[in-house]
Amino acid sequence: MMRKRGLRLSVYLELNDVLLRIDQALANKRPLSLVRIGDGENIVLAQRSVWTLRKVLRERWAIKANKGEKGVTLPNIKLRNELVKSIRAASIVGLLPLGDEQIKAPDYLKRPLTDRVFRYFKLDPAVQCHACVNREMPGSQLFWRILRRRRILIITRDPEPLKAILEQPPLRLHVAHTIAFSHYDQIEETMKTVASIRHQFDIALISCGVNAVILAPRIAEATGKVAVDFGKGPDRIAAALKAGHDPHSYRTIR
């Protein structure tokens with residue numbers, strides 16, 4: 001679907017279209033990065049742009065971040081600027097629709113704030129999708145077919161539980177590497193590790209909050225691989241398997 005934004009036509013992808021682009025990038029050995037913008041990213045981007053630091057730091061999300069719960073510490077203008085650069089570099093950018101009810105945050109922190117910070121930084125992604133596409137992926141047979149043929153890199157705070165889930169029946173996937181990541185301060189160290197194993201994985205699933213938006217485009221550019229901001233995707237996988245769902249029986253959404 002084509003949507004007009006200013007003088008530019010952006011492409012809006014549904015879930016299956018996103019997965020097909022990922023599959024094509026993997027088949028053709030081309031880099032691809034998917035990032036998603038939610039309330040946390042909006043708050044980081046709002047620092048000294050559309051909001052004062054004082055206003056940012058009063059937000060519950062920022063308070064939690066400064067208690068060590070979000071993988072970043074605010075204020076951090078360098079982080080803000082890296083987010084802007086990453087959004088510009090990303091192959092696909094996930095945005096929340098107006099009136100979103102999937103993310104548990106006040107409405108003013110969601111699409112209305114995205115629109116404000118995007119206008120401020122002149123961000124206009126050419127290829128867009130729903131920001132919660134990561135939550136839908138585990139319900140698609142195509143997603144599992146893609147992963148069954150690939151070497152997977154997991155980057156998250158505690159990667160071992162997800163590794164175990166993916167490797168054990170019924171999934172039996174190949175997790176080639178894991179990297180434990182808990183804070184923005186680990187970005188450069190993580191990139192060095194990724195560079196050292198760049199020939200040993202095909203797709204990176206990254207679940208580390210705001211930091212995933214920075215890591216995904218950098219990993220894609222540095223390695224030529226596919227890097228996905230996977231967010232709460234692991235939780236959806238674990239919940240589905242706990243409920244007795246068989247991913248092999250999921251239909252492909254058309």
Value for CD1 (Ile179) from CD1 (Ile155), rounded to nearest 0.5 Å, stands at 4.5 Å
### Task
Applying side-chain contact (heavy atoms from CB on, under 4.5 Å), run through Ile37 and Leu83 and close with a yes or a no.
CA-CA 10 Å; Ile37 310 303; Leu83 273 187; over 6 Å; no
Is the shortest side-chain heavy-atom distance between Gln102 and His130 below 4.5 Å? yes
Just wondering, do Tyr120 and Leu45 contact through their side chains at under 4.5 Å, heavy atoms?
-> no
Could you tell me whether the side chain of Leu162 reaches within less than 4.5 Å of the side chain of Val175, counting heavy atoms only? no
When rounded to the nearest 0.5 Å, the distance separating CG of Leu26 from CG of Leu147 is 8.5 Å
**Asked** Applying the 4.5 Å side-chain criterion to the ILVMFWY set and letting contacts propagate, would Leu74 and Ile77 be lumped into a single cluster?
**Response** no
Next on the checklist: Just checking Gln200: does its CD atom have more than 12 heavy atoms from other residues, nucleotides or ligands closer to it than 6.0 angstrom?
Outcome noted: yes
| query | Is the backbone N or O of Ile43 less than 3.5 Å from a side-chain atom of Trp51, with the two atoms forming a donor-acceptor pair by type? | reply | no
Quick note, ring pair (Phe, Tyr, Trp, His ring centres under 6.0 Å) partners involving residues 209-236, not counting sequence neighbours, are Phe143-Phe230
When clusters are formed by joining ILVMFWY residues with side-chain heavy atoms under 4.5 Å apart, either directly or through shared neighbours, do Leu79 and Leu215 land in the same one?
-> yes
When every non-hydrogen atom of Ser33 is compared with those of Ala89, the smallest separation belongs to OG-O, 4.2 Å
Check: Is there a donor-acceptor pair closer than 3.5 Å between any side-chain N or O of Ser140 and the backbone N or O of Met137?
Finding: no
Check: Thr178 side chain, Ile154 main-chain N or O, donor-acceptor pair, under 3.5 Å: no
When rounded to the nearest 0.5 Å, the distance separating CG of Asn211 from CD1 of Ile187 is 4.5 Å
For residues 173-193, the ring pair (Phe, Tyr, Trp, His ring centres under 6.0 Å) pairs (sequence neighbours left out) are none
* Asked: Does a side-chain heavy-atom distance below 4.5 Å link Thr223 with Pro31?
  -> no
Ile206 vs Thr156, test: side-chain contact (heavy atoms from CB on, under 4.5 Å). Steps then yes/no.
CA-CA 6 Å; Ile206 311 165; Thr156 190; over 6 Å; no
Say whether Ile87 and Phe121 are linked into one hydrophobic cluster, either directly or through other cluster members, by side-chain heavy-atom distances under 4.5 angstrom.
-> yes
ask   = Just checking, any donor-acceptor pair under 3.5 angstrom between side chains of Glu82 and Ser86?
value = no
Rounding to 0.5 Å, atoms NZ (Lys70) and OG (Ser182) come to a distance of 14.5 Å
Discussion item. Count I, L, V, M, F, W, Y as connected when their side-chain heavy atoms are under 4.5 Å apart, and connections chain through other members. Are Val93 and Leu96 then in the same cluster?
Written reply: no
message: Are Arg148 and Leu171 packed together at the side-chain level, in the sense that at least one heavy-atom pair is separated by less than 4.5 angstrom?
response: no
Please tell me if the side chains of Leu153 and Leu205 come closer than 4.5 Å, counting only heavy atoms from C-beta onward. no
Any sub-3.5 Å donor-acceptor pair from Lys110's side-chain atoms to Asp100's backbone N or O?
yes
Worked verdict on Lys163 versus Glu167 for salt bridge (charged side-chain N to carboxylate O under 4.0 Å, His left out): CA-CA 6 Å; Lys163 179 178 188 290; Glu167 289 187 331; 3.0 Å; yes
Could you check whether any side-chain heavy atom of Leu142 comes within less than 4.5 Å of a side-chain heavy atom of Leu20, counting everything from C-beta outward? yes
TODO: Would you sort out whether Asp115 and Arg111 count as a salt bridge (charged side-chain N to carboxylate O under 4.0 Å, His left out), showing the intermediate values?
DONE: CA-CA 6 Å; Asp115 288 344; Arg111 185 56 182 263; 2.8 Å; yes
Nearest heavy-atom contact between Gly71 and Arg157 is N-NH2, 4.4 Å
- Please confirm whether the backbone N or O of Gly231 pairs with a side-chain atom of Ser207, one donor and one acceptor, at under 3.5 Å? yes
How about Glu160: does its CD atom have over 12 heavy atoms from other parts shown lying under 6.0 Å from it? yes
*asked:* Please tell me whether Val72 and Ile103 are part of a single hydrophobic cluster in this structure, the criterion being side-chain heavy atoms less than 4.5 Å apart.
replied: no
Ring pair (Phe, Tyr, Trp, His ring centres under 6.0 Å) pairs touching residues 59-115, sequence neighbours excluded, are none
Exactly one candidate in Ile219, Ile152, Val226 meets side chain to side chain contact (heavy atoms under 4.5 Å, CB included) with Phe201; the answer is Ile219
Output for pair (Gln141 CD, Ile146 CD1), nearest 0.5 Å, gives 11.0 Å
Examine distances only and state if a side-chain atom of Asp229 and a backbone atom of Ala212 form a donor-acceptor pair shorter than 3.5 Å.
no
Ring pair (Phe, Tyr, Trp, His ring centres under 6.0 Å) pairs touching residues 66-89, sequence neighbours excluded, are none
Report yes if the side chains of Ile203 and Arg149 come closer than 4.5 Å at any heavy-atom pair, otherwise no. no
Please confirm whether the backbone N or O of Asp185 pairs with a side-chain atom of Glu188, one donor and one acceptor, at under 3.5 Å?
no
Between Gln168 and Arg172, a side-chain donor and acceptor under 3.5 Å: no
From the list Arg151, Arg30, Arg150, Lys29, salt bridge (Lys or Arg N to Asp or Glu O under 4.0 Å) partner of Asp202 resolves to Arg151
Residues at least two apart in sequence or cross-chain that pass salt bridge (charged side-chain N to carboxylate O under 4.0 Å, His left out) with Arg21, listed by chain then number, are none
Q. Just wondering, are more than 12 heavy atoms of other shown residues or ligands nearer than 6.0 Å to CZ in Arg88?
A. yes
For the side chain of Asp23 and the backbone of Leu19, is there at least one donor-acceptor N/O pair under 3.5 Å apart?
no
Quick note, side chain to side chain donor-acceptor pair (under 3.5 Å) partners involving residues 39-49, not counting sequence neighbours, are Asn42-Thr114
- [ ] Output, in order, the C-alpha distance, side-chain angles, deciding distance and verdict of side-chain contact (heavy atoms from CB on, under 4.5 Å) for Ile92 and Gln128.
- [x] CA-CA 5 Å; Ile92 306 171; Gln128 303 173 13; over 6 Å; no
Before giving the answer on side-chain contact (heavy atoms from CB on, under 4.5 Å), spell out for Asn76 and Val44 the whole-Å C-alpha distance, their side-chain angles and the decisive distance to 0.1 Å.
-> CA-CA 8 Å; Asn76 190 331; Val44 172; over 6 Å; no
Item checked: Any donor-acceptor N/O pair, Ser10 side chain to Ala126 backbone, under 3.5 Å -> no
